[in-house]
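Whatever order the structure lists ligands and atoms in, that order sets their numbers, starting from 1. Keep in mind that the numbers below use all heavy atoms, side chains included, and drop hydrogens, waters and symmetry copies.
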Amino acid sequence: MPIVQLGDEGRWTNYHGTGTCEAATRFGLRSGDALRGRDELALAAKAVQDWLTAAQAAGRRVRPLGAGWSPSNVNICSQSWLLHTRRFNRCFRIGAGDVRPGIDADALMLVEAGALVDEVSDKLEEQGRSLWTSGAGNGQTFAGACATGTHGSMIARGGIQDHIRAVQVVTPGGVHWVEPAAGVMSDAFIAATGSMPLRDDDLFAALQLPVGSLGIVTALVVDSVPKFLVRPIQNLRTVDRAALDWLAAGDFRRFSAAYALDQDPDFVQMIVNPYKPFKRPAMLRFLYREPWRDDYSHATPGELGAGYDALSLLGRLLDDYPWARGALLQYAMKLGYASGPDVDDPPVYGSWGEGLDTHRPLADLFNASVTIDRADLARAFEMICTVYARHGGSTVVTLRFMARAEGLLAPARYPHNAVIDFDGPRSERTAAAYARVVEVLDAQGIGFTRHWAKSCRLDAARVAADYGEDFRRWRAARDRLMPDPAHRALFGSEVLDGLGLTC
Ligand SMILES: Cc1cc2nc3c(=O)[nH]c(=O)nc-3n(C[C@H](O)[C@H](O)[C@H](O)COP(=O)(O)OP(=O)(O)OC[C@H]3O[C@@H](n4cnc5c(N)ncnc54)[C@H](O)[C@@H]3O)c2cc1C
């Protein structure tokens, strides 16, 4: 039985406690034990379609849930039927006979939507393959992470959704297999999954980042690269203001030579104290990619520099002692950051997956971000820190870099992007300070977008303005997938309706 009901109607709270679904009936989608993935998908997708029909008949909206990590509450809907997908998590190899000519089947994996990023990464690494980017943590489901455009700081890569080559998605109207127009999987494979093929570039690009609004994603075909090693360098350094110009121009080699190794880095992240960001040491993290070799000595995620939880927790003090905010934040940075491996320490190496960690839930989390054109970094960054600090923002400010990401609604829509995150304890003052940052960027005419998963104060008018023609194409693709407005409304919620995605 792929879908089982989990208890009676009640309350469900998301992972970080930012939202609660009242009067929700919870169901679980479970993997089976079929030998072939396609057979398992055919059974599960049919069960999901029947479940959607039953929800509609019961007059309930539905909400698919991944790991429930999104603090923006795109995973919240009251008086609804919730579908937990976390136990629908098997991964299957794809054979050369299952793909269209010219497609490299060895690079692809068939992934059930509830598999964690961690699980997908492990399965790929067992086969000598790897994801090429992901977020800072790996405890999200693959479908959930893609739904909101999750990203890290791999300079030449986009978001995690760029790995998707095909999607199985279920609506009340059918079980659909969506691919780019050029096609990926063979017709026989698609038929065996119980799906109807839909080869449509815009619909595929909409489904790479659906924000939970385009039906229930049951499976993904995920692309990969050959496994590689990364060497991390992590240190606290006082960064010169002039270095922002190098970063804005994409001269990461110069930045790396000044603060870490004289090599081209693949990943650069800078976490600053917004109170005097160029006087107080920033926490820097670099990753240098190297070809795979089996004889490296394995390090733990901690030794590889993953995570900075203590920083977020200690940050609570900042709100209680406003006069000492700058100094406390710096103290928290020092305590919370895994120091090293620095340039002079013996080098440590890990695979991409080994450098990531799952996360502990943080109650009262605030997180928000703005994604800007990297070229605007030098004029925007210090101003952002100044405004945020002046208005009492009580989190660190993180700077990450990425290339343009795939998906019509990808926030990383500039050719080169600088993503500025505000992550830490929730407080009204911090939220108000972030609001002032947004106002100032608008006043200065600096373009930016916001993360779908974070508490970024978005509304439908702003989404339409930010994404322009791509938003129109996303909605047109949605309406081709679900021509019946009642089917679209089934996936609505207060948050998603407010963003203009489901109505
Ligand atoms: C501690 C922490 C660290 C984070 N780090 C990063 C980071 O480094 N980079 C970054 O970009 N983001 C980051 N995020 C944001 C995070 O990656 C997103 O919130 C992501 O969407 C979470 O995935 P999830 O599986 O928990 O999805 P959920 O929060 O459960 O769901 C997200 C959306 O997808 C929908 N959905 C989920 N599964 C399906 C499905 N099968 N079919 C259809 N719709 C579905 C949900 O309904 C919801 O609308 C972080 C968040 C936290 C809390």
Side-chain angles (χ1 to χ4, degrees), residues 12 14-19 21 29 44-45 48 52 61-77 80 82-86 88-89 111-120 133-154 158-161 167-171 207 209-220 267 269 306-309 312 356-363 365-369 371 398 400 402 405 410-412 417 419 421 423-424 450-456 491-493 495-496 499 501-502:
W12 178 80
N14 64 10
Y15 188 71
H16 291 287
T18 58
C21 304
L29 178 62
V48 170
L52 290 173
R61 295 191 289 186
V62 300
R63 182 80 344 244
L65 295 173
W69 268 29
S70 300
S72 63
N73 292 350
V74 290
N75 48 23
I76 294 297
C77 184
S80 67
L82 303 179
L83 187 62
H84 291 270
T85 61
R86 178 60 201 94
F88 191 62
N89 62 341
V111 171
E112 292 180 346
L116 295 186
V117 173
D118 185 36
E119 291 167 337
V120 176
T133 190
S134 53
N138 58 6
Q140 313 95 325
T141 63
F142 212 86
C146 293
T148 60
T150 297
H151 65 89
S153 194
M154 284 300 251
I160 195 165
Q161 72 276 13
V167 182
Q168 187 189 48
V169 63
V170 185
T171 67
L207 270 163
L209 204 163
V211 204
S213 307
L214 299 180
I216 304 226
V217 173
T218 35
L220 304 156
F267 172 112
Q269 174 181 279
Y308 51 98
D309 274 2
S312 311
L356 300 172
D357 209 355
T358 46
H359 212 274
R360 288 188 292 282
L362 302 176
L365 179 79
F366 176 82
N367 67 13
S369 77
T371 298
T398 303
R400 297 193 277 184
M402 62 190 291
N417 300 270
V419 187
D421 294 315
D423 293 340
R450 285 170 259 190
H451 200 305
W452 294 106
K454 301 194 172 187
S455 319
C456 289
F491 297 98
S493 69
V495 173
L496 296 173
L499 296 171
L501 300 176
T502 38

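Considering only heavy atoms from C-beta on, V495 stays 4.5 Å or farther from I76 through its side chain. Side-chain atoms of C21 and L82, non-hydrogen and from C-beta on, do get closer than 4.5 Å to each other. Between H451 and T148 the shortest side-chain heavy-atom distance falls below 4.5 Å.
Residue contacts with ligand 1 for R400 involve side-chain atoms from C-beta outward but no N, CA, C or O (heavy atoms, distance under 4.0 Å). Contacts of A147 with ligand 1, taken as heavy-atom pairs under 4.0 Å, involve the side chain alone.
Polar contact check, W69 against ligand 1: a nitrogen or oxygen pair lies under 3.5 Å apart. At under 3.5 Å, not a single nitrogen or oxygen of I216, backbone or side chain, sits near a nitrogen or oxygen of ligand 1. No N or O atom of A113 sits closer than 3.5 Å to an N or O atom of ligand 1. Residue contacts with ligand 1: V74 is placed with a nitrogen or oxygen under 3.5 Å of a nitrogen or oxygen of the ligand (distance criterion only). Between T85 and ligand 1, no pair of N/O atoms sits closer than 3.5 Å. On a distance-only criterion, K454 and ligand 1 share no N/O pair closer than 3.5 Å. Between A453 and ligand 1, no pair of N/O atoms sits closer than 3.5 Å. Residue S70 places at least one N or O, backbone or side chain, under 3.5 Å from an N or O of ligand 1. Inclusion of G144 in the set of residues having an N or O under 3.5 Å from an N or O of ligand 1 is warranted. In terms of polar-atom proximity, P64 is counted as a contact of ligand 1, with an N or O under 3.5 Å from an N or O of the ligand.
Proximity of a side-chain donor or acceptor of S72 to a complementary backbone N or O of W452 within less than 3.5 Å is detected. In this structure, the side chain of T141 engages the main chain of G144 through a donor-acceptor pair within 3.5 Å. For S213 (side chain) and V211 (main-chain N/O), a donor-acceptor pair under 3.5 Å exists by modelled atom type. Here the side chain of S153 pairs no donor or acceptor atom with the backbone of R400 at under 3.5 angstrom. Side chain of N89 to backbone of E112: no donor-acceptor contact under 3.5 angstrom is found. With R450 contributing its side chain and S369 its backbone, the two residues share no donor-acceptor pair below 3.5 Å.
Heavy atoms of G215 come nearer than 4.0 angstrom to ligand 1 in at least one pair. Distances shorter than 4.0 angstrom do not occur between any heavy atom of G152 and any atom of ligand 1.
Between W69 and Y15, the two ring planes are parallel [angle under 30°; tilted spans 30° to 60°].
A distance of 9.0 Å separates CG in N417 from NE2 in H151, rounded to the nearest 0.5 Å. Interatomic distance, CG of N367 versus CG of D421, reported as 7.5 Å (0.5 Å rounding).
With ligand atoms numbered from 1 in the order given, ligand 1 contributes 7 (C), 8 (O), 9 (N), 10 (C), 11 (O) to contacts under 4.0 Å with heavy atoms of H151. For ligand 1, the atoms sitting less than 4.0 Å from at least one non-hydrogen atom of H16 are 1 (C), 53 (C), numbered in the order shown with element in parentheses. Using a 4.0 Å cut-off to heavy atoms of R63, the atoms of ligand 1 that qualify are 46 (C), 47 (O), 49 (O). Ligand-side atoms of ligand 1 in range of T141: 25 (O), range being under 4.0 angstrom from any heavy atom. Annotation for ligand 1: atoms under 4.0 Å from non-hydrogen atoms of H451 are 10 (C), 11 (O), 12 (N). Taking every non-hydrogen atom of T148 and a distance limit under 4.0 Å, the qualifying atoms of ligand 1 come out as 18 (C), 20 (C), 21 (O). Close contacts between ligand 1 and A143 involve ligand atoms 41 (N) [criterion: under 4.0 Å to a heavy atom].
Of the options A136, S493, A219, the smallest heavy-atom separation from atom 5 (N) of ligand 1 is shown by A136.
Looking only at atom types and distance, the side chain of T18 has a donor-acceptor partner in the side chain of N73 under 3.5 Å away.
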